[in-house]
Colleague: 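Quick one: the structure is below, and I'll ask about it shortly.
Here is the naming used below: chain letters follow the sequence lines, and residue numbers restart at 1 for every chain.
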2 protein chains.
Amino acid sequence: MATETVENYLKAIMTLAAESPTREATVSRIAAVVGVTRGTATSMIKKLTAGGLARAERYGGVTLTSSGRRAASDVLRRHRLIETFLVRALKFDWSEVHEEAERLEHAVSPRLLERLDEFLGHPACDPHGDPIPGRAGVVIEPAAKPLSSCKVGAVVRIARVIDQSAAFLRFMAQHGLKPDAKAKVVALHAPAQSMEVEPHGRTKLVLALAAAEKILVHAGR
Amino acid sequence: MATETVENYLKAIMTLAAESPTREATVSRIAAVVGVTRGTATSMIKKLTAGGLARAERYGGVTLTSSGRRAASDVLRRHRLIETFLVRALKFDWSEVHEEAERLEHAVSPRLLERLDEFLGHPACDPHGDPIPGRAGVVIEPAAKPLSSCKVGAVVRIARVIDQSAAFLRFMAQHGLKPDAKAKVVALHAPAQSMEVEPHGRTKLVLALAAAEKILVHAGR
DNA sequence: CCGATATGTTTGAGTCGTCAAACTTTCGAC
DNA sequence: GTCGAAAGTTTGACGACTCAAACATATCGG
Ligand SMILES: [Mn+2]
Ligand SMILES: [Mn+2]
Ligand SMILES: [Mn+2]
Ligand SMILES: [Mn+2]
């Protein structure tokens, strides 16, 4: 069983890869996500490589091997099932669960995990819309595009909120911007790098494009 | 916040002290409970002492200071609330929850803990009948005596099962010997060091006195 | 009272994960 | 093309926790 630290690195590498499938995970980004210095990340990556969990060439990007991906998606499954459980069963706010799950994900047994999954009815997504990997390690990343890429007049359904910071999530919820909610793009202000959005049945608000990029949506209906 | 290791030592010291209030916790017992060598326990105890959590004189017993007791009862509270939650909410068997809680107790935040407590309606005891310390660190050890000390003919109500081993707990449950169940002592076989017990509405069984000592009971009714 | 045995302590070493700081390589702006 | 900043690596050190093994003390049965 991978150590708690190793699990955090694997998860960081996998989420970085999912975040921008174009570029591989880099040492600096991994270090930033895990919260260590670059030197520490380098030596840890060396260890992952030695253990057959990752591949990295000197001064190049870091990729997970198939067993690394398997282990990482296990951690992600635990993290997201826990988040879902905390929100659905214990009435946590979606802005509170990330930190909580960050520690619990290393302490739940396979047995407990299966109980949670069953209890929740095998959910496909967590409260933020992040897909929950299956028991076999398969992740289905739902095709969704950033809100920032939508045209004026577009009506969309929110699929996923990428930014996990509590402040951002609270702000989103306050305006009714949660997964499955509908919203309309009412204006684009290119020079100001912002857009105006009207959540269904709510007052409209202005979002910086950088923020709108953190919201993934499905086309209207 | 005390490290996970420190928490385990504190809990071990407190449960040993509660187990036999006559004699203080010893290095060997602590080492055995935590699962380390005596040398390791010695150095850890030195660290606890330096940190003001325990008191120990050379070649003498180990006691917790008031802040050590406070910290330990926090861990115990977490452990027992988690056990209760797993049994009541997630339908775990009472023989499975100890190990699970052993890890989770170090990963739940105060916030999550309070949610659990509220969800469960502020339970006084865990599934094994162990008392759950209050938020303020107060433990009320219910007065109960070992079944082994009961006379023939005595009708008792089970209060608490001390032995946390899965096999023992499964055996107990199989015979209806769970907290709050009633039972009658039908015979004593002093030479065989055993007693015969008839759980209410069940077939009677023979228990070694050593086993009966692990079952605490209230006098009949 | 005495020694065997149990119990406690010390020492030296190892693992894991981390940092700071010096160093090397890469890469983009000019 | 060059050069300076950004990114990656190496090194030496440290804290937390552990063990094995040598050692010291206590305790109990005879
Ligand atoms: Mn984590
Ligand atoms: Mn999430
Ligand atoms: Mn524990
Ligand atoms: Mn218990």
Side-chain angles (χ1 to χ4, degrees), chain A residues 1-13 15-17 19-20 22-64 68 71-72 75 102-103 105-107, chain B residues 1-13 15-17 19-20 22-64 68 71-72 75 102-103 105-107:
Chain A
M1 197 61 60
T3 183
E4 174 163 340
T5 306
V6 165
E7 288 192 341
N8 284 334
Y9 279 91
L10 291 174
K11 189 166 60 120
I13 296 169
T15 53
L16 281 171
E19 194 170 290
S20 74
T22 75
R23 201 175 354 278
E24 292 167 314
T26 88
V27 170
S28 289
R29 284 168 185 280
I30 295 167
V33 171
V34 175
V36 296
T37 63
R38 289 182 318 237
T40 302
T42 294
S43 65
M44 195 62 199
I45 288 161
K46 195 175 301 177
K47 187 175 160 189
L48 296 180
T49 303
L53 294 166
R55 237 185 300 280
E57 43 204 291
R58 239 161 154 261
Y59 296 98
V62 181
T63 340
L64 293 179
V75 183
E102 202 58 54
R103 296 185 315 279
E105 65 190 357
H106 311 291
Chain B
M1 201 56 65
T3 182
E4 176 164 339
T5 306
V6 166
E7 289 191 341
N8 284 334
Y9 278 91
L10 291 174
K11 189 167 59 122
I13 296 170
T15 53
L16 282 171
E19 194 170 289
S20 73
T22 77
R23 205 177 346 283
E24 292 167 312
T26 87
V27 170
S28 289
R29 285 168 185 280
I30 296 167
V33 172
V34 176
V36 297
T37 63
R38 288 181 319 240
T40 302
T42 294
S43 65
M44 195 62 198
I45 289 161
K46 195 172 301 176
K47 186 176 160 188
L48 296 181
T49 303
L53 294 166
R55 235 185 302 281
E57 42 205 294
R58 236 162 156 261
Y59 295 99
V62 181
T63 340
L64 292 179
V75 184
E102 202 57 54
R103 295 186 315 280
E105 66 190 358
H106 311 289

Colleague: What is the distance, rounded to the nearest whole Å, between atom CD1 of A:Ile45 and atom P of D:dT10?
Modeller: 12 Å
Colleague: Does B:Thr3 have a side-chain nitrogen or oxygen under 4.0 Å from the phosphate oxygens OP1 or OP2 of D:dC17?
Modeller: yes
Colleague: Any side-chain N or O of B:Tyr9 below 4.0 angstrom from OP1/OP2 of D:dT18?
Modeller: yes
Colleague: Checking A:Thr26 side chain against A:Arg29 main chain: does a donor-acceptor pair fall under 3.5 Å?
Modeller: yes
Colleague: Rounded to the nearest Å, what distance is computed from the CD atom of residue A:Glu7 to the P atom of nucleotide C:dG17?
Modeller: 11 Å
Colleague: By the 4.0 Å heavy-atom rule, please label A:Thr42 as base, sugar-phosphate, or nothing.
Modeller: base
Colleague: Of the listed nucleotides (C:dT9, C:dG17, C:dT7), which one gets closest to any side-chain atom of B:Ser28?
Modeller: C:dT7
Colleague: Just how far is it from atom CZ of A:Arg23 to atom CG of A:Leu16, taken to the nearest 0.5 Å?
Modeller: 11.5 Å
Colleague: Scan A:Thr5 against the nucleic acid and name what it touches under 4.0 Å (heavy atoms): base, sugar-phosphate only, or nothing.
Modeller: sugar-phosphate
Colleague: Considering heavy-atom distances to DNA chain C, does A:Ser43 or B:Ala25 have its closest nucleotide positioned more toward the 5' end?
Modeller: B:Ala25
Colleague: Rounded to whole angstroms, how far apart are CZ on A:Arg29 and P on D:dA7?
Modeller: 9 Å
Colleague: Nearest of D:dT9, D:dA20, D:dT10 to any side-chain atom of A:Lys46?
Modeller: D:dT10
Colleague: Can you tell me how far P of D:dA26 sits from CD of B:Glu24, to the nearest Å?
Modeller: 15 Å
Colleague: Give a yes/no answer on whether the side chain of A:Thr40 brings an N or O atom under 4.0 Å of OP1 or OP2 in C:dC19.
Modeller: yes
Colleague: Show your working on salt bridge (Lys or Arg N to Asp or Glu O under 4.0 Å) between A:Glu102 and A:Lys11 and close with a plain yes or no.
Modeller: CA-CA 11 Å; A:Glu102 202 58 54; A:Lys11 189 166 60 120; 2.8 Å; yes
Colleague: Judged by each residue's nearest nucleotide on DNA chain C, which is more toward the 5′ side, A:Arg38 or B:Arg58?
Modeller: B:Arg58
Colleague: Whole angstrom is fine here: how far is it from CE in B:Met44 over to P in C:dG8?
Modeller: 17 Å
Colleague: May I ask you to verify if any side-chain N or O of B:Thr37 is less than 4.0 angstrom from the OP1 or OP2 atom of D:dA20?
Modeller: no
Colleague: Can you check the B:His106 NE2 to D:dC17 P distance for me, whole Å?
Modeller: 12 Å
Colleague: Given atom CG of A:Leu16 and atom P of D:dA7, what is their separation to the nearest angstrom?
Modeller: 14 Å
Colleague: Whole Å only: how far is the CD atom of A:Glu57 from the P atom of C:dT26?
Modeller: 11 Å
Colleague: Is any side-chain N or O of A:Thr26 closer than 4.0 Å to OP1 or OP2 of D:dG8?
Modeller: yes
Colleague: Tell me whether A:Arg55 contacts the main-chain N or O of A:Thr63 through its side chain, where contact means a donor paired with an acceptor under 3.5 Å.
Modeller: no
Colleague: Among D:dA16, C:dG17, C:dC19, find the nucleotide with the atom closest to the side chain of B:Lys47.
Modeller: D:dA16
Colleague: Rounded to the nearest 0.5 Å, what separation is found between the CD1 atom of B:Ile45 and the CD1 atom of B:Ile30?
Modeller: 4.0 Å
